[in-house]
Amino acid sequence: MILSLNDKDIKELQELLNIKEINIAVSNMFIEFCRYYDLVDIKKIEANKTTYVNEFLNYFDIDFSDEENKEIIEKCIKPALKERKRDVLINNPYFKNIKINPVKDEEYSLEYETYHPYQAFAYDDVKIMEDFREIYQIGYFKEKTKYPAIAKNDIIWMSVTPNEILTMGKPINESKGHVLTFGLGLGYYAYMVSNKKEVESVAIIEKDAKIIDLFKKYILPQFEHKEKINIICKDAFVFLKENKKAYDYIFVDIWHGANDGLPLYLKFKKYETSQEFTYWLEESILGLLRRLVLTLFEEYFENYTENDYKNAKNIEDIIINKLYFLLKDQDFKNIEEIKTLLTNNGLKKLIKCFK
């Protein structure tokens, strides 16, 4: 990687690196805050003696008076933390029509989980601003709210939440004809698209036979158009290698979140030839890839050499190393070239060069 930047561009690149660090810090705070449900003083909030945002800031002991913190609070935290309406969940067709009767075996359980009043949760996919600042969509309900879930060894494995509903809105709207989807879960996507008159069939690729059995026994019988559903028990990448059939729409959802999704996303991209796939949480996944690209620029200023990219301790190292060798000989003459690389389209073009 070669940087032929003037002083002004270098300063702007340093600001992008600073934003990356802020994105990581803020996202880590939201991840921790969403893990627990008793972190705010509900009585004080309802008596207007404090606000939800202030309870969040107090939990992390953030100094309100620090000027840099003030900017982060105004730009990254306040826009993210909001009360959400339960309608997005309780008025959803799947939520209204598919009833879960709790069952449990040695490994899996089909059940309802609960959002407690004022418990924070991921509401929608991240929004990326023009300066690449990440604005997370975090919500809370004032009332206790149940949602369907599958737990594996008592750990939530799959669920139907506002986040699933909102982040699947676009692929559901776009689906038509013969649809192929990777990942079954509780069958939310399959249910919603099978109810569309534009959709003729839904092929679902799922490698976990126990999940398929649970779905077929307790959920599929409640589908209005179960005749459209065809479930294939097979590993996604084995299927991709063997499949010769053409589909009108392909949707991928075999990860739990962006972190485990990024390496799988990169692997799926190799199979896009004449048709582009649609991916769950793609914005968040590309956000993680953007951070790794920015890490390369960071390490450039830290005088890393080629030898630093020949060994890998984890999957993140593997991806960074690949990125380094892809960009090793590229000369960035101005900040606009770097910003173009960091856009979603720029990152997707870069991914096409992965081997």
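Below, all heavy atoms of this structure are taken into account, side chains as well, without hydrogens, waters or symmetry copies.
- Considering every non-hydrogen atom in both Cys233 and Ile212, the closest pair reads CB-CD1, 3.6 Å.
- Neither side chain, Asp38 nor Tyr118, offers a donor N or O lying under 3.5 Å from an acceptor on the other.
- Of the possible polar contacts, none joining the Arg84 side chain to the Phe121 backbone as a donor-acceptor pair under 3.5 Å is found.
- Arg133 has a carboxylate O that lies under 4.0 Å from a charged side-chain N of Asp131, or vice versa, which qualifies the two as a salt bridge.
- The aromatic rings of Phe182 and Phe277 lie parallel to each other, with less than 30° between the two planes, well short of the 60° mark.
- Of the possible donor and acceptor atoms, one in the side chain of Asn69 sits under 3.5 Å from a partner among the backbone N and O of Asp63.
- A salt bridge does not link Arg35 with Glu32: none of the charged nitrogens is closer than 4.0 Å to a carboxylate oxygen.
- No hydrogens or angles considered: a donor-acceptor pair under 3.5 Å links the side chains of Glu134 and Tyr136.
- A donor and an acceptor atom, one from each side chain of Arg290 and Asn344, are located under 3.5 Å apart.
- Checking side-chain atoms of Asn321 against main-chain N and O of Asn311 turns up a donor-acceptor pair under 3.5 Å.
- Heavy-atom minimum distance, Leu347 versus Leu342: CD1-O, 3.7 Å.
- Asp124 places no side-chain N or O within donor-acceptor distance of the main-chain N or O of Gln137, the cut-off being under 3.5 Å.
- Considering Glu74, Glu68, Glu67 as possible partners of Lys70, the one that fulfils the salt bridge (Lys or Arg N to Asp or Glu O under 4.0 Å) test is Glu67.
- Between the Gln119 side chain and the His116 main chain, a donor and an acceptor come within less than 3.5 Å of each other.
- For Glu111, the side-chain hydrogen bond (donor to acceptor under 3.5 Å, both in side chains) criterion is met by Ser109, not counting sequence neighbours.
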Legend entry - Full working for ring-ring contact (aromatic ring centres under 6.0 Å, His included) between Tyr140 and Tyr52: CA-CA 10 Å; Tyr140 64 89; Tyr52 197 86; 3.9 Å; yes

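- Phe301 has its ring centre no less than 6.0 Å from the ring centre of Phe297.
- Checking side-chain atoms of Glu302 against main-chain N and O of Tyr304 turns up no donor-acceptor pair under 3.5 Å.
- For the pair Asp308 (side chain) and Thr305 (backbone), a donor-acceptor distance under 3.5 Å is present.
- The pair Lys104-Asp154 meets the salt-bridge criterion, since a charged nitrogen lies less than 4.0 angstrom from a carboxylate oxygen.
- Atom CD1 in Ile150 sits 14.5 Å away from atom CD1 in Ile155 (nearest 0.5 Å).
- For Asn163 against Ala122, the heavy-atom pair with the smallest separation is CB-O, 3.2 Å.
- Applying the side chain to side chain contact (heavy atoms under 4.5 Å, CB included) test between Tyr218 and each of Leu110, Asp213, Leu186 identifies Leu110 as the sole match.
- Using modelled atom types and a 3.5 Å distance limit, the side chains of Tyr108 and Asn153 yield no donor-acceptor pair.
- Between Arg86 and Glu143, at least one side-chain nitrogen of the basic residue sits less than 4.0 Å from a carboxylate oxygen of the acidic one, meeting the salt-bridge criterion.
- In this structure, the side chain of Asn58 engages the main chain of Asn54 through a donor-acceptor pair within 3.5 Å.
- Under the 3.5 Å distance criterion, the side-chain polar atoms of Lys196 are matched with a main-chain donor or acceptor of Ile172.
- Here Tyr271 and Phe239 keep their ring centres 6.0 angstrom or further from each other.
- The ring of Tyr115 has its center closer than 6.0 angstrom to the ring center of Tyr147.
- Membership of the apolar cluster around Met129 extends to Ile135, as traced through chained side-chain contacts below 4.5 Å between ILVMFWY residues.
- What you find for Leu281 and Ala258 is that their closest heavy atoms are CD1-N, 4.2 Å.
- When the side chains of ILVMFWY residues are joined at heavy-atom separations under 4.5 Å, either directly or via intervening members, Ile232 and Leu220 end up in a single hydrophobic cluster.
- By the rule that hydrophobic residues join a cluster once side-chain heavy atoms approach within less than 4.5 Å of another member, Ile24 and Leu296 end up as members of separate clusters.
- A pairwise comparison of heavy atoms in Leu350 and Leu326 identifies O-CD1, 3.9 Å as the closest pair.
- Checked against Asp9 for a side chain to side chain contact (heavy atoms under 4.5 Å, CB included), the options Leu5, Leu13, Asp7 give a single hit: Leu5.
- Of the candidates Lys176, Gln275, Glu174, Glu174 is the only one forming a side chain to side chain donor-acceptor pair (under 3.5 Å) with Tyr249.
- Side-chain contact of His225 with Ser194: a donor-acceptor pair under 3.5 Å is absent, judged by distance alone.
- Aromatic ring centres of Phe268 and Phe237: separated by under 6.0 Å.
- Under the 4.0 Å criterion applied to side-chain N and carboxylate O atoms, Glu282 and Lys348 are assigned as salt-bridge partners.
- The distance between the ring centers of Tyr279 and Phe251 does not fall below 6.0 angstrom.
- A single hydrophobic cluster is seen to contain both Phe325 and Leu292, as judged by linkage of ILVMFWY side chains at heavy-atom distances under 4.5 Å, directly or through other members.
- Of the residues Thr167, Asp253, Asp125, the one that meets the side chain to side chain donor-acceptor pair (under 3.5 Å) test with Trp280 is Thr167.
- Identified under the salt bridge (Lys or Arg N to Asp or Glu O under 4.0 Å) test for residues 214-240, with sequence neighbours left out: Lys234-Glu242.
- Asn97 and Tyr191 share a side-chain donor-acceptor pair at under 3.5 Å.
- Rounding to the nearest 0.5 angstrom, the gap separating the CD atom in Glu272 from the CD1 atom in Ile351 is 9.0 Å.
- Residues Glu306 and Lys328 are paired through a salt bridge, judged by an N-O separation under 4.0 Å between the basic side chain and the carboxylate.
- Hydrophobic clustering (side-chain heavy atoms under 4.5 Å, transitive across Ile, Leu, Val, Met, Phe, Trp, Tyr) keeps Ile2 apart from Tyr324.
- Neither Tyr37 nor Val40 shares a network with the other; the hydrophobic side chains, linked directly or stepwise wherever heavy atoms of I, L, V, M, F, W or Y lie under 4.5 Å apart, form separate groups for each.
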Legend entry - Audit row: Glu283, Lys170, salt bridge (charged side-chain N to carboxylate O under 4.0 Å, His left out) steps and yes/no: CA-CA 12 Å; Glu283 195 74 53; Lys170 185 172 182 284; over 6 Å; no

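- A donor-acceptor pair is defined here as one N or O able to donate and one able to accept, closer than 3.5 Å; no such pair exists between the side chain of Glu164 and the backbone of Val160.
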